[in-house]
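None of the values given here were measured: they were computed from a predicted structure. Residue numbers start from 1 in every chain, and the chains themselves are labelled A, B, ... in the order their sequence lines are given, proteins ahead of strands.
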There are 2 protein chains.
Amino acid sequence: MPDELKLNAGPVTLRRRALDAARGLLAAGGVDGLHLRAIAAEVRSGVATLYHHFADKNALLAALAIEGWEELARAIEQAMGSGKFPRRIDAASRAFLTFIRRNPQLYALMQTEQALAANDAVRAAERAAFAVFQSSFEGDDRVPPERVEEVSLTIWVLGRGIASAVLMQGDDDPGAAGRLVAKVISGFGFLLSPRFAD
Amino acid sequence: MPDELKLNAGPVTLRRRALDAARGLLAAGGVDGLHLRAIAAEVRSGVATLYHHFADKNALLAALAIEGWEELARAIEQAMGSGKFPRRIDAASRAFLTFIRRNPQLYALMQTEQALAANDAVRAAERAAFAVFQSSFEGDDRVPPERVEEVSLTIWVLGRGIASAVLMQGDDDPGAAGRLVAKVISGFGFLLSPRFAD
DNA sequence: AGCACTTGTCGAACTCTGTTCGGAAGGTCT
DNA sequence: AGACCTTCCGAACAGAGTTCGACAAGTGCT
């Protein structure tokens, strides 16, 4: 994680360091490889100390997920403003896929950790990220305002599916993930084109 | 699980009973609530005994997932042959969504359990199920043969995304899942229609 | 200064998992 | 009868999250 991506300013508390360490361990070993004792060792504290900064392990994972959604939202926002794509939805979608490719384990946590499904704060952060994504359709004359929600939701959900499929692929073939994404995008493009006459 | 859905014939071995018990516990409490001791208690055996029928817990989960993919493949096949929909892809998609709605926890295991990502047998079962799904496009004149793979993959992945989104929703609002699915399908339909001019 | 209270810290212990070990019971060959 | 294999199990082990009780350092009040 380069410094310029860290918008987590403020004092470097133990909580902050623990979250950073957890993020590193998460990227290295996935959720299953993320243990409190390892985090504690990384920040040179006792395990019990972590419980003074997080209610329990789920709270720590939730904090991680929330920061993930916020980061994704910022990435989408920034991509939309960059003007590199003629259509903002294309920039937003690309930012989404880039985030997944760069933070697969973090995104897996954000998306599939059942223990976070009941966490209101996490879901609020996800809704906020989706709202940013949805805003990429503003001013797009191809979809009328009353359709924007369902259309953006469809693409958002397709993105979730792509992430899910990519994550489930083994790491044996490094190019497999890229080819899979390319196929899906190509297939989607065909379905959107007039060649597909319903 | 009604009896007519059980195509797991053969002798009622302990392995078979353990899998059935596991499936019940899975549906009740999710993967996180599935413990070997609970399974052992359910089939009235010792925990160690389970290790004579499964190499470890992952092997048991893998067996569960494989049966899930096989069951999904059968459901899709059956739906395509029923003729209730004019287009076979519609029947197949419907069967997919029905399976997810009826077996959310099992599908979550099949789709997102990282421990199964490296299991070849599970992934082969998934590929087989996808092959059945893909066959629903045979004879569909809207998509040329060379496009069938990527188009069916796109819809398959969209289904994964829907499942993922539904599973992440809390259980607080029972109708939320249905509304979400409806929105996505509606949005997808709009994108496919000529009204969406790219 | 003295005292109470809060905060941050930690080692040790507890519970609950998956897992392994050694042995017992029962069948099937030679 | 003896050797072997399969199936079974209680007990113990190791590794996770979690809780407990205590200690140190600061802060505010008298």
Nucleotide nearest [X] when distance is taken to its side chain, options [options]:
{"X": "A/Ala48", "options": "C/dT19, D/dG10, D/dT19", "value": "D/dT19"}
{"X": "B/His53", "options": "D/dT18, C/dG18, D/dC8", "value": "D/dC8"}
{"X": "A/Arg37", "options": "D/dA12, D/dG10, D/dA16", "value": "D/dA16"}
{"X": "B/His35", "options": "C/dT9, C/dT17, C/dT19", "value": "C/dT17"}

Quick one: is D/dC8 close enough that its OP1 or OP2 comes under 4.0 Å of any side-chain N or O from B/Ser45?
no
Report yes if at least one side-chain N or O of B/Thr49 is closer than 4.0 Å to OP1 or OP2 of D/dC9; otherwise report no.
yes
Determine the contact category for B/His52: base if any of its heavy atoms lies under 4.0 Å from a base atom, sugar-phosphate if only primed atoms, P, OP1 or OP2 are that close, otherwise nothing.
base
Would you mind checking if B/Arg179 and B/Asp173 are paired as a salt bridge, meaning a charged N to carboxylate O distance below 4.0 Å?
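So B/Asp173 pairs with B/Arg179 through a salt bridge.
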Would you call B/Glu67 and B/Arg16 a salt bridge, taking side-chain N to carboxylate O under 4.0 Å as the test?
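So B/Glu67 pairs with B/Arg16 through a salt bridge.
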Which label fits B/Phe133 and B/Trp156: parallel for a plane angle under 30°, tilted from 30 to 60°, or perpendicular past 60°?
tilted
Going by heavy atoms in the side chains, are B/Arg127 and B/Trp69 under 4.5 Å from each other?
no
Between [atom2] of [N] and [atom1] of [X], the distance in whole Å:
{"X": "B/Lys57", "N": "C/dT20", "atom1": "NZ", "atom2": "P", "answer": "14 Å"}
{"X": "A/Leu34", "N": "D/dA16", "atom1": "CG", "atom2": "C1'", "answer": "12 Å"}
{"X": "A/Tyr51", "N": "D/dG17", "atom1": "OH", "atom2": "C1'", "answer": "5 Å"}
{"X": "B/Leu50", "N": "D/dC9", "atom1": "CG", "atom2": "C1'", "answer": "11 Å"}
{"X": "B/Arg17", "N": "D/dT7", "atom1": "CZ", "atom2": "P", "answer": "13 Å"}
{"X": "A/Leu36", "N": "C/dT15", "atom1": "CG", "atom2": "P", "answer": "19 Å"}
{"X": "B/Asp56", "N": "C/dT17", "atom1": "CG", "atom2": "P", "answer": "18 Å"}
{"X": "A/Phe54", "N": "C/dT9", "atom1": "CZ", "atom2": "C1'", "answer": "15 Å"}

B/Arg195 versus B/Ser193, side-chain donor and acceptor atoms under 3.5 Å:
yes
